[in-house]
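This structure is a prediction, so every number in the text was calculated from the model and none was measured.
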Amino acid sequence: MTIFAFKIKNNSNMEVKKILFISQEIEPYVPERRLSVIGRLLPQGVKEQGIEERTFMPKYGMIAERSNQLHEMIRLSGMNVIIDDTDHPLIIKVATLQQAHFQVYFIYNEDYFASNRIDELEMNCSPDDNDERSMFFVRAVIESIRKMRWVPDIIQCTGWISALAPVYIRTLYGDDPSFRDAKIVTALFNESIPKPLGDRLADKMHQDGIPKNALKPINGKELTYEDLMSYSLHYVDGVIECESDLSPQILDAASSLPKLQFTGDNDDTTLVTQFYGSLFD
């Protein structure tokens, strides 16, 4: 059963009209598991409620372009994202998930995502690049939204690869009109990172423009999944608990945040949109 962990105020005047989904995995593009199902369920649910959405995920090597009918978005591709003083060209592809009736924008770069078909996700088979892979993905999504001139009310982060998005949005892009009024929500899972993120992550993010005071909690440290998510939660406005028995460290980091438990077999996405609206009360 899905249970509310907050109260909805009846006098709320906020109607959520636009939602940005920054997702690590979306089923059926990747194997089915709780995280990838939620990655599909949330944008599909809000789309069915008449809410405008934009949904982004990485273009993993396991995603077959021809059978999934991916094609390049020329007007969005062509930017360079600088990570650790190196330019990385950004390519964006798009496909329509027919059974769910929404579009998915795929972030691709050959340095971080395989150009040929592979059988496992890149973060598992080349974990040493996961810090830069996450930085690239997050920056690419943010810059794409700015180029679209599209202003979301809610930014929904799903999966650890999106965990740096709240940090970037609240610091480097804090005054940007595309993001300054948006509420950020993070979905929480029982996950792990194949290998802790390297101890140069803070240095690389500082080169990217993130101020040093925002990086003090992670400076010089290797980050586990719990460390990364706990750090990210300092910059979000609410959380959705998508699995039971979450890490005590993560639960502690989220203890003061509005939350929605969304762990049932018959997940009702109208509860999620009501939760989004309540964050503006």
Partners meeting ring pair (Phe, Tyr, Trp, His ring centres under 6.0 Å) with Tyr108 (sequence neighbours left out): none

Residues in salt bridge (Lys or Arg N to Asp or Glu O under 4.0 Å) contact with Asp84, at least two apart in sequence or another chain: Arg200

Check: Asp153 side chain, Lys18 main-chain N or O, donor-acceptor pair, under 3.5 Å: yes

Residues Asp208 and Arg139 bridged, charged N to O under 4.0 Å: yes

Residues that Glu122 engages under salt bridge (Lys or Arg N to Asp or Glu O under 4.0 Å), provided they are two or more places apart: none

Charged N-O contact under 4.0 Å between Arg34 and Glu191: no

Stepwise side chain to side chain contact (heavy atoms under 4.5 Å, CB included) test for Leu20 and Ile154: CA-CA 6 Å; Leu20 169 62; Ile154 294 288; over 6 Å; no

Exam field: side chain Lys17 to backbone Glu15, donor-acceptor pair closer than 3.5 Å: no

Over 12 non-hydrogen atoms of neighbours within 6.0 angstrom of NZ in Lys147: yes

Glu110 CD: over 12 foreign heavy atoms closer than 6.0 Å: no

Flag, side chain of Gln69 to backbone of Glu65, donor-acceptor distance under 3.5 Å: no

Under 3.5 Å: donor-acceptor pair, side chain of His234, backbone of Tyr231: no

Contacts of type salt bridge (Lys or Arg N to Asp or Glu O under 4.0 Å), residue Arg146, not counting sequence neighbours: Glu143, Asp176

Tyr60 ring center near Tyr29 ring center (under 6.0 Å): no

Pair Lys195 + Glu222: basic N to acidic O under 4.0 Å: no

All pairs passing salt bridge (charged side-chain N to carboxylate O under 4.0 Å, His left out) where residues 231-252 contributes a residue, at least two apart: Arg170-Asp237

Phe21: ring pair (Phe, Tyr, Trp, His ring centres under 6.0 Å) partners, not counting sequence neighbours: none

Ser232 side-chain N/O to Ala163 backbone N/O, donor-acceptor pair under 3.5 Å: yes

Aromatic ring pairing His88/Phe136, orientation class (parallel under 30°, perpendicular over 60°, tilted between): perpendicular

CD/Gln103: more than 12 non-hydrogen atoms of other groups inside 6.0 Å: yes

